[in-house]
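Just below is one structure, and these are the notes that go with it.
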Amino acid sequence: MALSISAAVLLGIIVFVLLKGGYVRVGSMLACTLFGFTLAATGLAPIINSGLASLAGLISSL
């Protein structure tokens with residue numbers, strides 16, 4: 001049985017673990033989050049989405 005998980009959920013879990021482990025501070029996390037939202041509103045968003053989809057397809061075919 002295959003488990004499907006959203007990239008946003010997976011990245012959110014990684015950020016939470018890094019924050020709790022003390023590797024990332026709250027200010028850095030907020031800056032990266034705001035940068036991500038800003039980047040999503042640019043013309044690069046479709047390119048990033050297609051790259052992530054290609055990476056997910058590559059990983060799922062292994």
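Positions are given from 1 along the sequence.
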Do the side chain of Ser50 and the main chain of Pro46 share a donor and acceptor less than 3.5 angstrom apart?
yes

Spacing of Leu18 atom CG and Cys32 atom SG [to the nearest 0.5 Å]
10.5 Å

Linking I/L/V/M/F/W/Y whenever their side-chain heavy atoms sit closer than 4.5 Å, directly or via other members, would Phe16 and Val24 fall into one cluster?
no

Listed partners of Thr38 passing side-chain contact (heavy atoms from CB on, under 4.5 Å), at least two apart:
none

Members other than Leu62 in its cluster, when Ile, Leu, Val, Met, Phe, Trp, Tyr link by side-chain heavy atoms under 4.5 Å?
none

According to side-chain contact (heavy atoms from CB on, under 4.5 Å), who are the partners of Val15, at least two apart in sequence or on a separate chain?
Met29

Where do Gly57 and Ser60 come nearest, in terms of heavy atoms and distance?
O-OG, 3.0 Å

Hey, what else clusters with Leu34 if you join Ile, Leu, Val, Met, Phe, Trp, Tyr whenever side-chain heavy atoms sit under 4.5 Å?
none

Is it true that Leu19 and Leu10 fall in one hydrophobic cluster, defined by side-chain heavy atoms closer than 4.5 Å?
yes

For the student: nearest non-hydrogen atoms of Ala40 and Ala45, plus distance:
O-CB, 3.3 Å

Under 4.5 Å side-chain linkage, directly or through intermediates, the cluster mates of Leu55:
Ile59

Answer with yes or no whether the hydrophobic clustering places Phe35 together with Leu52; edges join I, L, V, M, F, W, Y residues whose side-chain heavy atoms lie under 4.5 Å apart.
yes

Partner set under side-chain contact (heavy atoms from CB on, under 4.5 Å) for Leu44, not counting sequence neighbours:
Leu39, Thr42, Ile47, Ile48

